[in-house]
Protein chains: 2
Amino acid sequence: MSNYRNETEQLAAAFSALGHPHRLALFRRLTSCCAPGTTWNASSRVCIADLTGMLDIAPSTLAHHLKVLRQAGLIASARRGKQVECWVDPNVLLNLSHFFLTPLSDATPIVDPAQGDHRHDH
Amino acid sequence: MSNYRNETEQLAAAFSALGHPHRLALFRRLTSCCAPGTTWNASSRVCIADLTGMLDIAPSTLAHHLKVLRQAGLIASARRGKQVECWVDPNVLLNLSHFFLTPLSDATPIVDPAQGDHRHDH
DNA sequence: TCGATAATTCGACATGTTTCGAATTATAGG
DNA sequence: CCTATAATTCGAAACATGTCGAATTATCGA
C-alpha cells in the first residue's frame, strides 16, 4: 500500500492534496456524508457527476484532482453502474485531527505562569 | 490581515504549506513546545539556527519555507537579538483539528443500520 | 452489437514551487 | 566604525503541478 519512505512524507502528501482550493472543496463536499454512525441514503451518495457541477473545471481536471486525493489516501471510490461514487472514511478525519491534537496532549507539565520567563516580549 | 478571498483559499494555503516534507518537519519541531499551559524556557525556544541543522538545506531555502509557513498563519516569529525565534500558536492547532472534526459532529442523525441501504455493494 | 452516458488516461502547455549561491539587512561586541 | 554572526531577499535553474481537449475505457439499454 504505502509507497512512502516514511510517515512525514505520507502526511505531507495528504496535506499537499488538501492544499489546493478545488481539492479542498471536493474533500469538504465529501465529508458532509461520512460521519460514523450515519448511513448512506440515496441522496447522500456522491458521484463524480455531482462534483463536476460545483467547480467549473473540465472533467479531466476533476478526474486528476480526485486521483490525487485517492493516492493520498483521503478518499475512496467505487463504481456503481455507469457512475463512480466517492466517500471519505471517517477514520481519515480522526487521524488527521489527531496530528494537530497530539502535540497538545504530549505537552510538558504545566508550570506556574507567575514564574516568569515569557517569550517575545520585545 | 487576510489577503484571501474566502475561507477555503485560506485553509488551502495552510494545508499547502504543510504539504511539503521539509515544512511539515519544521512545523512538527515547533509544535513540540507550544502546548497551552506550558511555559517557554530557554531550552524550549527555537531559533532559526536550531532548525537549519535538522534539514540539510541552504539557509536561504529554510528562510523561504519559514516564510511560507508564516504567510499561511501557521507560525509566528520575533527577533531576539541576533537570532529570530519561531513558535506555533496553540490556537492554530485547535483550529486545524476542528476542521477535521466538524463534519463528524455535524453528522446527520444516526439511523438503524439494519435499515439497509448500503453503498458500493458492487 | 450499437449508441449514449460516465469517467479516466494521455499529451501538451502554462504556471508555480523548490532550491541554491550571491548579495543584502540587522544586530551585538569590540 | 568595523567585523562577525544570524537571517532574509533576490535572481536563476530545475522540477512539479494544474489545466485543457482529444482519445480511450467501462457500463447500460435499445
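None of the values given here were measured: they were computed from a predicted structure. Labels below follow one simple rule: chain letters A, B, ... track the order of the sequence lines, proteins then strands, and each chain is numbered from 1.
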Visitor: Does H20(A) put a side-chain nitrogen or oxygen below 4.0 Å from OP1 or OP2 of dT19(D)?
Guide: yes
Visitor: Do any N or O atoms from the side chain of R29(A) and from the backbone of S32(A) form a donor-acceptor pair under 3.5 angstrom?
Guide: no
Visitor: Without decimals, in angstroms, what is the distance between I75(A) CD1 and dT8(C) C1'?
Guide: 14 Å
Visitor: What is the distance from NE2 of H65(B) to C1' of dT18(C), rounded to the nearest Å?
Guide: 6 Å
Visitor: Ignoring hydrogens and geometry, is there a side-chain-to-backbone donor-acceptor pair from R70(A) to G73(A) under 3.5 Å?
Guide: no
Visitor: Taking the nucleotide of DNA chain C with the closest heavy atom to each, which residue, S60(A) or K82(A), is nearer the 5' end?
Guide: K82(A)
Visitor: Consider the side chain of I48(B), meaning its heavy atoms from C-beta on, and name the nucleotide among dC20(C), dG18(D), dA7(D) that approaches it most closely.
Guide: dA7(D)
Visitor: Would you classify I57(A) as touching base, sugar-phosphate or nothing, given that sugar-phosphate means primed atoms plus P, OP1 and OP2, and contacts are heavy atoms under 4.0 Å?
Guide: sugar-phosphate
Visitor: dT19(D) C1' sits how many Å from L62(A) CG, rounded?
Guide: 12 Å
Visitor: Below 4.0 angstrom from OP1 or OP2 of dA6(C), is there any side-chain N or O of R80(A)?
Guide: no
Visitor: Please answer whether the main-chain N or O of A17(B) pairs with a side-chain N or O of R23(B) as donor and acceptor at a distance below 3.5 Å.
Guide: yes
Visitor: As a quick check of understanding, evaluate side-chain contact (heavy atoms from CB on, under 4.5 Å) for F99(A) and R28(B), giving each step before the final call.
Guide: CA-CA 9 Å; F99(A) 168 77; R28(B) 278 186 130 163; 3.4 Å; yes
Visitor: Send over the distance from L26(A) CG to dG18(D) P, rounded to a whole Å.
Guide: 12 Å
Visitor: For a quick check of understanding: with a heavy-atom distance under 4.0 Å over all strands, which category does A49(B) fall into, base, sugar-phosphate or nothing?
Guide: sugar-phosphate
Visitor: Using heavy atoms to find the nearest nucleotide of DNA chain D for G81(A) and P59(B) separately, return the residue whose nucleotide is more 5′.
Guide: P59(B)
Visitor: Please check: side-chain N/O of T102(A) versus main-chain N/O of H98(A), any donor-acceptor pairing under 3.5 Å?
Guide: yes
Visitor: CD of E9(B) versus P of dG18(D): gap in Å, rounded?
Guide: 14 Å
Visitor: Nearest to the Q83(B) side chain among dT9(D), dA6(D), dC20(D), which nucleotide is it?
Guide: dA6(D)
Visitor: Go through dT19(C), dT8(C), dC20(C) for me and flag the one nearest to the V84(A) side chain.
Guide: dT8(C)
Visitor: Has R79(B) got a side-chain N or O lying under 4.0 Å from the OP1 or OP2 atom of dT25(C)?
Guide: no
Visitor: Write down the distance between NZ (K67(B)) and C1' (dT19(C)), rounded to a whole number of angstrom.
Guide: 15 Å
Visitor: What integer distance in Å separates D56(B):CG from dC20(C):C1'?
Guide: 13 Å
Visitor: Side chain of T61(A) only, please: which of dT8(C), dT19(D), dT19(C) is the nearest?
Guide: dT19(D)
Visitor: Hey, does H64(B) reach any base, or is it just sugar-phosphate, or nothing, if we go heavy atoms under 4.0 Å?
Guide: base
